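Following: one structure in structure tokens, then a few remarks.
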Amino acid sequence: MEKAKYIWMDGELTPWDEAKVHLLTHTLHYGNGAIEGTKAYKTEDGRCAIFKLNEHTQRLLNSSKMTLLNVPFTLEELNRAQVELLQKNELFEGAYIRPLVYLGYGVMGLYHKDAPVHVGIASWKWGAYLGEEGLKRGIRLKIASMSRTPNTSGMGKAKAVANYLNSQMAKYEAVEAGYDEALLLDDQGYVAEASGACFFMVRNGQLISPPNDNSLESITQATVIDLAKDLGLEVVRRRITREEIYIADEAFLTGTAAEVTPIREVDARIIGKGGRGEITQRLQEAYFDTVSGKNEKYIKHLTYIN
Ligand SMILES: Cc1ncc(COP(=O)(O)O)c(C=O)c1O
């Protein structure tokens with residue numbers, strides 16, 4: 001990881017190496033915290049802008065509300081903090097932004113009502129999450145042996161720290177088995193989401209993505225659906241079973257970090273022609289045009305930092 005100069009901690013720009021917490025930080029022990037993953041891109045006019053900043057900060061506040069964390073900052077304050085952090089870190093070539101709402105030191109035991117709520121925001125340079133090669137040639141996906149935590153026992157719509165144990169177990173299993181990423185099914189056997197991204201497939205010219213019944217409400221998924229409609233594609237939200245994926249014409253993942261990553265293989269089955277499909281490529285190009293300010297219609301989603 002490439003260090004930046006500062007990390008924003010509860011309103012203060014703290015030097016990177018001094019951004020530390022106590023061992024008895026509540027979230028470290030019991031996992032109640034909320035995160036975001038937001039990205040800034042260099043734009044075509046040479047400036048830099050955060051994509052869908054407001055949507056990401058709103059989701060951070062929503063996740064916190066779901067998991068009973070009272071965030072001591074407003075949406076506007078957190079938006080301003082992220083802009084200022086990128087400016088002070090001079091990250092004008094683009095950056096990944098990681099806000100974290102966490103419970104601090106002072107209270108032990110599960111009942112967290114009196115534990116102090118803190119917010120930290122880090123930002124740094126981070127390249128393609130699933131690799132540059134993955135963006136071009138596609139990745140290999142393994143369906144995880146563990147199902148996604150069901151709605152009856154989790155806060156699935158929250159981008160909650162605790163939810164990432166499920167994702168982490170699936171990811172580790174997939175990578176150790178020689179794959180790039182894991183796809184989790186829900187407890188009924190329908191596609192939920194990947195360990196850190198959403199799933200799309202193309203069959204007979206239709207673009208299909210599961211409803212968010214058992215996944216994060218993904219900001220990139222919504223963007224890609226808008227772009228697909230602009231391209232005149234038919235978009236369907238319905239449940240998908242694993243065997244249908246194996247015979248898809250194309251498949252890809254979407255996420256702030258994953259962007260639009262083609263899938264070339266799932267569980268030893270080659271998907272389509274085994275590379276980046278034609279529709280996937282069009283949507284990938286449309287996505288990169290959008291985040292870099294080349295698509296007039298969506299400039300409204302860019303917050304310029306310089
Ligand atoms: C579990 C999970 N699902 C989906 C996504 C995609 O969400 P978004 O497009 O809002 O980044 C992410 C990434 O944040 C994720 O971690």
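Counting convention: from 1, in listed order, for ligands and their atoms alike. None of these values were measured; they are calculated from a predicted model.
Regarding atom 6 (C) of ligand 1, its nearest protein heavy-atom neighbour is Ser218 OG, 3.6 Å. Of the protein's non-hydrogen atoms, the one nearest atom 11 (O) of ligand 1 is Thr256 OG1, 2.6 Å. The single protein non-hydrogen atom nearest to atom 16 (O) of ligand 1 is Tyr164 OH, 2.5 Å, given as residue, atom name and distance.
With hydrogens and angles left out, the side-chain atoms of Ser147 and Asp187 include no donor and acceptor closer than 3.5 Å. If you check the side chains of Gln58 and Asn54, you find no donor sitting under 3.5 Å from an acceptor.
Between Lys142 and Asp267 there is no salt bridge, since no side-chain N of the basic residue sits under 4.0 Å from a carboxylate O of the acidic one. Here Asp249 does not pair with Lys273 in a salt bridge; the nearest charged N to carboxylate O distance is not below 4.0 Å. Salt bridge present: Arg238 and Glu244 bring a charged side-chain N and a carboxylate O closer than 4.0 Å. Between Arg59 and Glu217, none of the side-chain N atoms (NZ, or NE/NH1/NH2) sits under 4.0 Å from a carboxylate O, so this pair counts as no salt bridge. Between Glu2 and Lys125 there is a salt bridge, since at least one side-chain N of the basic residue sits less than 4.0 Å from a carboxylate O of the acidic one. Ionic pairing of Lys88 and Glu84 is present here: one or more N-O contacts between side-chain nitrogen and carboxylate oxygen are shorter than 4.0 angstrom. Between Lys171 and Glu181 there is a salt bridge, with a side-chain nitrogen of the basic residue lying less than 4.0 Å from a carboxylate oxygen of the acidic one.
Of the polar atoms of Glu217, none of the N or O atoms is found under 3.5 Å from an N or O of ligand 1, judged by distance alone. Considering backbone and side-chain atoms together, Cys198 places no N or O closer than 3.5 Å to any N or O of ligand 1. Annotation: Lys159 places an N or O atom under 3.5 Å from an N or O atom of ligand 1; distance criterion only.
Residue Ala197 places a heavy atom less than 4.0 Å from ligand 1. Within the structure, ligand 1 lacks Glu55 among the residues with a heavy atom less than 4.0 angstrom away. Between Ala222 and ligand 1 there is no heavy-atom distance shorter than 4.0 Å. At least one heavy atom of Arg59 sits closer than 4.0 Å to an atom of ligand 1.
Between the side chain of Ser167 and the backbone N or O of Ser195, at least one donor-acceptor pair lies under 3.5 Å.
Each of the following atoms of ligand 1 lies closer than 4.0 Å to a heavy atom of Ile219: 8 (P), 9 (O), 10 (O). Atoms of ligand 1 found under 4.0 Å from any heavy atom of Ser195 (numbered from 1 in listed order, with element): 1 (C).
When heavy-atom distances to ligand 1 are checked against a 4.0 Å cut-off, Leu216 comes that close only through its side chain, counted from C-beta outward. For Ala257, no heavy-atom contact with ligand 1 is shorter than 4.0 Å.
Nearest-heavy-atom check against atom 2 (C) of ligand 1 across Glu193, Glu36, His56 picks out Glu193.
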